[in-house]
Amino acid sequence: MRNATPIYSEPPVGQIVIAGNWKMYKTQAEALEFLKGFLGQLSETPEDREVVLCVPFTALSILSKNLHGGRIKIGAQNIHWETEGAYTGEISGAMLTELGCRYVVVGHSERRQYFGETDETVNKRLKAAQAAGLTPILCVGETKEQRDRNETEAVIAGQITADLAGIDQQNLVIAYEPIWAIGTGDTCEAAEANRVIGLIRSQLSNPNVSIQYGGSVKPANVDEIMAQPEIDGALVGGASLTPDSFARIVNFQ
Ligand code: PGA
């Protein structure tokens with residue numbers, strides 16, 4: 001068994017964190033093409049904003065090599081809870097940190113919906129991420145049916161309690177992503193996202209954890225979302241795939 005060396009030095013507590021989630025998009029060539037168009041648009045981006053690209057495993061290495069220690073951090077989209085072993089198709093924390101990875105998305109609703117992720121496995125993956133020195137971005141959110149049944153608060157509270165059991169809140173980002181707003185163009189009202197994020201914050205032992213909103217964030221709505229007092233950042237899917245739109249989002253007003 002190998003022990004991962006933690007590389008994380010400045011936990012992003014209280015920081016604005018804008019993260020792109022590329023999901024299963026972009027080959028290495030396409031990732032480089034994105035970078036060419038994106039890097040030049042960050043010269044005016046305020047220093048206190050953390051800019052993260054959470055990309056397919058296959059794009060981590062090439063992005064890492066081409067960022068030259070610049071201001072963009074890279075992240076993965078999953079991590080296994082064991083350090084190594086017979087887990088076909090899985091990836092360990094040390095494998096990610098070796099490639100320069102700093103963040104990892106854990107518990108995205110697509111993994112919960114399509115790949116059997118549960119609060120229990122989410123909790124184990126969060127622990128593994130922190131043990132490896134990565135900052136996990138924990139995703140929580142309710143379905144449309146749960147919202148319609150007025151269960152939003154209970155669902156979110158349940159996820160936060162179960163997912164964060166035994167987790168260090170000094171090295172953590174949370175993303176509130178209502179499932180009905182993901183990839184649908186149907187953004188949650190900014191005031192409502194702010195309200196739910198406030199509820200999440202009231203449940204934390206460290207109220208300074210950065211909490212993002214995610215779900216159809218785009219250039220046209222990012223300014224209003226980021227103007228909300230409880231919202232510390234955004235997790236962006238579709239609109240992070242093109243350099244101009246993601247640049248406009250990280251450079252929100
Ligand atoms: P979207 O995805 O921005 O395309 O809605 C967000 C996410 O799944 O993280």
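Heads up: numbering here begins at 1 and tracks the sequence. Ligands are counted one by one from 1 in listed order, and the atoms in each one are counted from 1 as well.
- Summarising the local packing, CD of Gln41 is surrounded by more than 12 heavy atoms from other residues, nucleotides or ligands at distances under 6.0 Å.
- Side-chain atoms of Gln130 do not come within 3.5 Å of backbone N or O of Lys127 as any donor-acceptor pair.
- Applying the ring pair (Phe, Tyr, Trp, His ring centres under 6.0 Å) test to pairs two or more places apart or on separate chains, those with a residue in residues 30-66 are Trp22-Phe34, Phe34-Phe38, Phe38-Phe246.
- In this structure Thr45 satisfies the side chain to side chain contact (heavy atoms under 4.5 Å, CB included) test together with Leu42, Arg49, Val51, Arg71, Val250, Asn251, sequence neighbours excluded.
- Listed by chain and residue number, nothing satisfies the salt bridge (Lys or Arg N to Asp or Glu O under 4.0 Å) test with Lys124 (two or more places apart in sequence, or in another chain).
- At a heavy-atom cutoff of 4.0 Å, ligand 1 is surrounded by Asn21, Lys23, His108, Glu177, Ala181, Ile182, Gly183, Gly215, Ser216, Leu235, Val236, Gly237, Gly238.
- More than 12 heavy atoms of other residues, nucleotides or ligands shown are found within 6.0 angstrom of CD on Glu151.
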